[in-house]
Amino acid sequence: MKKTALNQLHHNLGAKMIDFGGWEMPVQYTGIIEEHQAVRNDCGLFDVSHMGEIEITGSGASSFVNRLVTNQVDVEVGRVVYTPMCYENGGIIDDLLVYRIKEDHYMLVVNASNKDKDFEWVSKKAPADVEVKDLSDHYGLLALQGPKSKEVLSSLVDFDLSDLKTFRLVNQKVDGKEMIISRTGYTGEDGFELYLNPEDAEPTWNAIMKAGEEYGIMPAGLGCRNTLRLEAALCLYGNDINEETNPLEAGLSWTVKFDKEDFYGKSALVEAKDAGIDRKLVGFILKGRGIARHDYDIQVDSKKAGFVTSGSFSPTLDENIGMGYLQKEFAEAGKEITIMIRNRGVKAKVVELPFI
Amino acid sequence: MSIPEGIYYSEDHEWVKVEEGVGTIGITDFAQDELGDIVFVELPQVGDEFDKEDNFGVIESVKAVSDLYMPVSGEVVEVNEDLLDQPELVNEDPYEGGWIVKVSLSDESELEELMDADEYSSFLEEEA
């Protein structure tokens with residue numbers, strides 16, 4: 001299994017480690033619910049160094065990246081854009097963050113489990129006027145998330161964090177070390193992600209934990225990252241979206257810019273849009289006991305009407321929540337549905353997303 | 001890691017405490033710690049009969065779903081209904097308030113196949 005630069009530190013903290021896409025990663029330190037609440041109320045620090053970073057440079061970078069992804073990435077330097085990347089058939093290869101670092105310099109931040117597939121696709125499509133590099137081994141990634149994140153980080157930087165707005169990036173020093181800082185995250189809270197030299201990961205982690213002590217900071221594992229992102233209704237690749245789903249049915253229409261120049265998947269998505277999608281990713285809250293898990297059937301009037309893509313106990317709502325694809329005619333808030341949990345039907349209600 | 005004396009342990013990390021032919025069954029401190037925050041326990045019904053190693057319920061933590069297996073054969077005489085509203089009792093008090101079911105044992109000799117506290121302790125060390 002691959003290990004991040006902080007692997008030994010996680011073991012020393014007593015984390016429970018799991019295999020996550022070929023990486024040995026911490027799923028929890030003290031407990032998923034406690035860590036979840038720390039991030040919602042104060043702040044938590046995540047090691048997400050397993051994420052992949054693909055650099056695209058050259059005079060053709062902007063038009064090439066714009067051809068790769070569905071969202072508009074010809075944006076001001078210093079912007080970060082969330083976007084799906086699709087095959088010609090409209091199926092989602094991955095969902096990613098696109099960083100415009102310079103005019104002719106982009107960084108794609110991709111899911112660890114998809115990195116090799118993404119890199120292969122991007123390399124294969126690359127024109128002569130760009131250079132594509134896999135820089136995943138050159139970056140560690142820490143995510144500081146939660147309402148106190150700004151106060152915690154401000155003591156370690158010598159610029160005003162108020163100038164770094166949501167979905168913006170900056171090259172700056174944290175505790176004296178150069179890194180890329182972006183105001184992004186995967187929890188539904190304010191927060192920052194720090195792309196740094198793996199050698200700087202441990203001292204930076206320690207500096208943030210120390211600065212955060214008075215704000216109730218906790219180390220946070222992938223377990224609460226999942227419950228946090230689900231409450232915020234952020235898609236998880238492999239669960240809620242995959243190569244068989246397109247962005248329109250996944251509720252990601254806002255990331256598909258049909259009015260920009262051609263991009264991979266455009267004609268298939270135009271066709272899908274014109275034909276009308278027949279299923280939609282919805283959120284639901286269980287009314288009976290039990291937890292909906294990935295791939296459980298959803299029924300309406302005792303007939304299969306969809307399937308669960310993600311489900312969990314929600315620590316914030318103290319309810320059992322989930323998301324899943326549901327036939328379009330049933331996909332509206334208030335609709336009563338049944339989740340089949342181990343051959344037992346449990347009532348649930350479709351709700352507006354996000355959950356919180 | 002708490003491993004009380006005087007009760008029996010299975011390799012599936014369940015415990016059985018026997019009093020007058022009735023076995024109280026739960027999961028061990030090790031098991032609850034491995035599972036993490038428990039948020040749901042699916043219980044059998046009183047009167048259900050199970051053979052040793054039958055699946056008799058499900059326990060779900062935030063991170064995983066796990067089946068529960070009978071450490072002994074018997075008929076369910078009581079289930080811990082407190083767990084329906086407070087599944088966290090299994091985390092907080094695995095050997096007392098977090099018990100799961102009580103069964104009338106159909107074959108007390110099955111207890112000999114289970115481990116005592118010392119044996120379970122060595123079993124955990126070997127597994128680690």
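Order of the sequence lines sets the chain letters (A, B, ...), proteins ahead of strands, with each chain counted from 1.
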Considering residues, nucleotides and ligands other than [X], do more than 12 of their heavy atoms fall under 6.0 Å from its [atom1]?
X        : atom1 : value
A:Glu352 : CD    : no
A:Lys304 : NZ    : yes
A:Asn12  : CG    : yes

Next item on the list: Go through the atoms of B:Val41 and report whether side chain, backbone, both or neither lie under 4.5 Å from a heavy atom of chain A.
Entry: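 Contact with chain A is absent: no heavy atom of B:Val41 under 4.5 Å.
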Checklist line | Nearest-0.5 Å distance that lies between atom CZ in B:Phe40 and atom CD1 in A:Ile341 | finding: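 With rounding to 0.5 Å, CZ (B:Phe40) is 7.0 Å from CD1 (A:Ile341).
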Checklist line | Side chain to side chain, A:Ile291 and B:Val65, heavy atoms closer than 4.5 Å | finding: no
Check every N and O of chain A against chain B and note each donor-acceptor pair under 3.5 Å, with its distance.
| residue | atom | partner | partner atom | Å |
| --- | --- | --- | --- | --- |
| A:Lys16 | NZ | B:Asp33 | O | 2.6 |
| A:Ile32 | N | B:Asp37 | OD2 | 3.0 |
| A:Ile33 | N | B:Asp37 | OD2 | 2.7 |
| A:Arg289 | NH1 | B:Leu84 | O | 2.8 |
| A:Arg289 | NH1 | B:Asp85 | OD1 | 3.4 |
| A:Arg293 | NE | B:Glu60 | OE1 | 2.8 |
| A:Arg293 | NH2 | B:Glu60 | OE1 | 2.7 |
| A:Arg293 | NH2 | B:Ser61 | O | 3.0 |
| A:Arg342 | NE | B:Glu42 | OE1 | 3.2 |
| A:Arg342 | NE | B:Glu42 | OE2 | 3.4 |
| A:Arg342 | NH1 | B:Glu60 | OE2 | 3.2 |
| A:Arg342 | NH2 | B:Glu42 | OE1 | 2.7 |
| A:Arg342 | NH2 | B:Glu60 | OE2 | 3.2 |
| A:Arg344 | NH2 | B:Glu42 | OE1 | 3.2 |

